[in-house]
Structure formats: structure tokens, C-alpha cells
K.L.:
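Below you'll find the structure I mean.
Whatever order the structure lists them in is the order used to number ligands and atoms, beginning at 1. Here, residue 1 is the first one in the sequence, and each next residue gets the next number.
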Amino acid sequence: MTAHVIDGKAFAATVRAKVAAHVTRLREENGIVPGLAVVLVGEDPASQVYVRSKGKMTVEVGMASFEHKLPVDTTEADLLAIVRRLNADPKIHGILVQLPLPPHLDSDLVINTIDPAKDVDGFHISNVGLLGTGQKAMVPCTPLGSLMMLRDYHGSLSGMNAVVIGRSNIVGKPMAQLLLGDSCTVTIAHSRTRDLSAVVQQADIVVAAVGRPEMVVGDWIKPGATVIDVGINRIERDGKTVLVGDCHYDSCAAVAGAITPVPGGVGPMTIACLLANTLTACCRTNGLVEPEGLTA
Ligand code: NAD
């Protein structure tokens, strides 16, 4: 069997087009322009690239982009003051503080200072609680994008066995909550899981969010299963730096029914969902109807 390739790049483009169409309507009918503020502390090169591409895509869908680039030695008090100012600014509907923060800053405190209604990353403790209790939350972008691809491919996920590998607050745990919300039977595997390959072999859906290059191999995959590869790992191969996922693509694709590639799978969906979340936040704040199919 050769797996169907779930094209995250193309799907993300359709999500962004949907967002852009709704943004145009908001501007024309309500005079509202959704605004996203991104705060970057320090000069981490990967974070700079992410922030640049987030800003570019925000503008491309017709939203307003506000970038706050702060020096690496920014104090916690100054950062919190900026977050509070953005909370109070009616032009801003979404706030994203780029992680990781430098070690002298308390990430939990900073994230929990963001107004939950503007928390487009979905990391605020209130949104975590709302998601966990099946209420309307801002949902973390990477799991939301993964869920959208699964729903698009399968329709209903009800009754499927899903194994999420990784238990981070950013990906693994919210992904498991979302799959549970769609009535999957969910297992969360992690670094202490015994006999991981046997656990993965039970899965109709495998979501790999580990950060270990090509760890999941085809022998672990149940024939016909759907593999969502969240991992983004830079490795040296044949003298070049290449991006690979947490799944060994060729061997998994030979067994799976469907698979997301790296790059071009989950990655593009993450930014598309950030834009979708900003639009959702804007609609909720203004008491307007939310676009369909862009939330969990
Ligand atoms: P993390 O380091 O916070 O969590 C990794 C998880 O993997 C941990 O819960 C750990 O228990 C588990 N783990 C580690 N070794 C394991 C092993 N041998 N067997 C089973 N589980 C093991 O990482 P994260 O932030 O959740 O990110 C995971 C991966 O996803 C990374 O490659 C990251 O770059 C990528 N990522 C991609 C996107 C995207 O947009 N595509 C977004 C976020 C993260």
C-alpha cells in the first residue's frame, strides 16, 4: 500500500483563503480589521524566522500585524506591562508571545497574563481548562491544524483508536483532548511508555510529536492507519541540512493509509490556524458570528 499524502500546504492555503474572505466581509460590513500582535524577546534565529513569516501571512489575509521586538535583557516587569497594554488595546484581537522566552522570564506567568480572549496560542490556563472540559476555548494551533486535516480526510473520527506520542502542553496534551472531543479512544504515549511500538500498532490514527528524527518506523504502523507527523527536526544528510519528521517517511508511507509529509504537512497548518484563531477571537470579542470550520 502507498499512503495517500495529506497535503498540508494546499490545505493551509484553503484555510487562509477562507480567513481572508471572512476578514474582507468584516471590514466591509462591520468596519473591523482583526489585529494580531506578536511579541518576540531576544534574537533566537528560528523564532525570528517564525515571527517574520507570521507577520507576512497576517498581512496577506488582510489583518493588521503588530510586531514587538524586545531586547534579550527585557525585564519581566517590562514584558508584563507590554502584554497588559496589548490586552487593553481594542485594535488587537490576538496576542502571541513567541516561545521559548529567555530563561530569566517566567513563561507561565507571561502567558497567563494574556487576556484569555486574545490568547490565540491557546496556552492560557483558562483556555486549557475550557478545552479540557469540552467548552468553547482558544485551541493551540498545531493540534487544531492536525485535527482539521484528520476531519477533512476521514469525516467522522468517532470510535477510532488514536495514539498521540508526546505529552507536551503545546502539542501532545491538547491533541489528545481534541481527539477525545471527537470521540476517539485516546492513548498518550511518552518517553516512559513501555513497548511503544506495540502501543502504536493498535492505532488507527498516530500523531507523532516527539522531536526525535524518524523515530517511528513503518513496522510500528497498523496497515491503513493515518499518520500525522508533527515533528520538525533538522538533520545532516549527504552533507546537507534537511528537515525530517518524527516518522520515517518512506517506511511509514509504505504501510499507512494516509500520511502528512515533513515539510509540507502540519507546519503550514500551524500558521493558518493562528490566523484562524485571530479571526475567531475577533468575532467573539465583537459578538459576531464565527466562520464555520475554523475552530474545534
Ligand atoms: P517537547 O520536547 O515539549 O515534548 C516531546 C514529548 O515527546 C515529551 O512529552 C516526551 O515525553 C516525548 N518523548 C521524548 N522521547 C520519547 C521517546 N523516546 N518515546 C516516546 N516519547 C518520547 O516537544 P513539543 O514541543 O511537543 O514538539 C514535538 C515536536 O513537534 C518537535 O519536533 C517540534 O519541533 C515539533 N513541533 C512542530 C510544530 C509544527 O508546527 N509542525 C509545532 C510545535 C512543535
Side-chain angles (χ1 to χ4, degrees), residues 5-13 15-16 38 44-47 49-54 57 96-101 103 107-108 111 120-123 128 131 139-150 162-179 186-203 206-217 219-221 227-235 241-249 252 259-277:
V5 181
I6 300 177
D7 185 344
K9 201 172 164 196
F11 193 37
V15 171
R16 290 198 307 274
V38 178
D44 177 67
S47 294
V49 172
Y50 290 140
V51 167
R52 213 174 303 132
S53 88
K54 282 168 187 170
M57 293 204 180
L96 180 150
V97 176
Q98 184 67 42
L99 300 177
L101 287 171
S107 301
D108 287 339
I111 297 301
V120 282
D121 254 343
F123 298 156
V128 175
L131 177 62
V139 178
C141 304
T142 301
L144 178 58
S146 303
L147 181 78
M148 281 185 189
M149 289 192 286
L150 284 167
V163 172
V164 179
I165 317 174
R167 57 177 161 182
S168 72
N169 292 334
I170 292 175
V171 189
K173 283 186 207 156
M175 187 74 237
Q177 296 284 8
L178 289 172
L179 292 165
V186 182
T187 303
I188 305 181
H190 48 78
S191 52
R192 304 291 174 91
T193 296
R194 294 198 189 119
D195 201 355
L196 181 59
S197 64
V199 173
V200 173
Q201 267 156 11
Q202 302 302 312
V206 180
V207 180
V210 186
R212 288 180 176 257
E214 301 177 329
M215 182 186 85
V216 178
V217 291
D219 285 352
W220 297 14
I221 304 296
V227 177
I228 303 290
D229 191 350
V230 178
I232 300 179
N233 309 287
R234 275 183 179 76
I235 62 162
T241 304
V242 292
L243 281 189
V244 297
D246 290 341
C247 300
H248 184 272
Y249 185 82
C252 289
I259 188 166
T260 59
V262 177
V266 176
M269 286 300 288
T270 296
I271 296 192
C273 286
L274 173 67
L275 304 174
N277 276 352

K.L.:
Which of the listed options, Arg167, His190, Arg212, Met175, holds the heavy atom that is closest to atom 18 (N) of ligand 1?
P.N.:
Arg212
K.L.:
Look up atom CG in Leu150 and atom CD1 in Ile228, then write down how far apart they are to the nearest 0.5 Å.
P.N.:
4.0 Å
K.L.:
Checking the N or O distance criterion of under 3.5 Å, is ligand 1 in contact with Met215?
P.N.:
no
K.L.:
What's the shortest distance from atom 31 (C) of ligand 1 to any protein heavy atom, and which residue and atom give it?
P.N.:
Gly211 CA, 3.6 Å
K.L.:
Write out the residue and atom name of the closest protein heavy atom to atom 11 (O) of ligand 1, then the distance separating them to 0.1 Å.
P.N.:
Ser191 N, 3.2 Å
K.L.:
Go through it in stages, so that I can follow the logic: the residues are Ser197 and Asp219, the test is side-chain contact (heavy atoms from CB on, under 4.5 Å), and I'd like the CA-CA distance, side-chain angles, deciding distance and then a yes or no.
P.N.:
CA-CA 8 Å; Ser197 64; Asp219 285 352; over 6 Å; no
K.L.:
Can you tell me how far the CD1 atom of Ile170 sits from the CE atom of Met175, to the nearest 0.5 Å?
P.N.:
15.0 Å
K.L.:
Please list the nearest protein heavy atom to atom 5 (C) of ligand 1 with its residue and the distance rounded to 0.1 Å.
P.N.:
Val210 O, 3.3 Å
K.L.:
For Leu196, counting its heavy atoms only, list the atoms of ligand 1 lying under 4.0 Å from any of them.
P.N.:
19 (N), 20 (C)
K.L.:
Run the side-chain contact (heavy atoms from CB on, under 4.5 Å) check on Asp246 and Ile165 step by step: do they pass?
P.N.:
CA-CA 10 Å; Asp246 290 341; Ile165 317 174; over 6 Å; no
K.L.:
How far is atom 34 (O) of ligand 1 from its nearest protein heavy atom, and which residue and atom name does that atom have?
P.N.:
Ile232 O, 3.4 Å
K.L.:
Using a 4.0 Å cut-off to any heavy atom of Gly166, which atoms of ligand 1 qualify?
P.N.:
6 (C), 7 (O), 9 (O), 12 (C)
K.L.:
Would you say the side chain of Val207 lies within less than 4.5 Å of the side chain of Val163, judging by non-hydrogen atoms?
P.N.:
no
K.L.:
Quick check on contacts: which atoms of ligand 1 are under 4.0 angstrom from a heavy atom of Ile165?
P.N.:
20 (C), 21 (N)
K.L.:
Who gets closest to atom 26 (O) of ligand 1 by heavy atom: Ser146, Ser168, Ala189?
P.N.:
Ser168
K.L.:
Specify the protein heavy atom at minimum distance from atom 42 (C) of ligand 1: its residue, its atom name, and the distance to 0.1 Å.
P.N.:
Thr142 OG1, 3.2 Å
K.L.:
Hey, which atoms in ligand 1 end up nearer than 4.0 Å to a heavy atom of Gly267?
P.N.:
40 (O), 41 (N)
K.L.:
Hey, which atoms in ligand 1 end up nearer than 4.0 Å to a heavy atom of Asn233?
P.N.:
32 (O)
K.L.:
Specify side chain, backbone, both or neither for Val230, according to which of its non-hydrogen atoms lie closer than 4.0 Å to ligand 1.
P.N.:
both
K.L.:
Using side-chain heavy atoms (C-beta onward) and a distance below 4.5 Å, is Leu131 in contact with Leu178?
P.N.:
yes
K.L.:
When you measure from atom 43 (C) of ligand 1 to each heavy atom in Val244, Val171, Val199, Ile228, which option holds the nearest one?
P.N.:
Val171
K.L.:
Test your reading of the model: is there a side-chain donor-acceptor pair from Asp121 to the backbone of Phe123, 3.5 Å cut-off?
P.N.:
no
K.L.:
Grab the two heavy atoms, one from Gln201 and one from Trp220, that are nearest each other, plus how far apart they are.
P.N.:
CG-O, 3.1 Å
K.L.:
Counting from 1, what ligand 1 atoms have a heavy atom of Thr270 closer than 4.0 Å?
P.N.:
39 (C), 40 (O)
K.L.:
Applying side-chain contact (heavy atoms from CB on, under 4.5 Å), run through Ile259 and Ile6 and close with a yes or a no.
P.N.:
CA-CA 6 Å; Ile259 188 166; Ile6 300 177; over 6 Å; no
K.L.:
Quick check: do Leu275 and Arg16 have side-chain heavy atoms less than 4.5 Å from each other?
P.N.:
yes
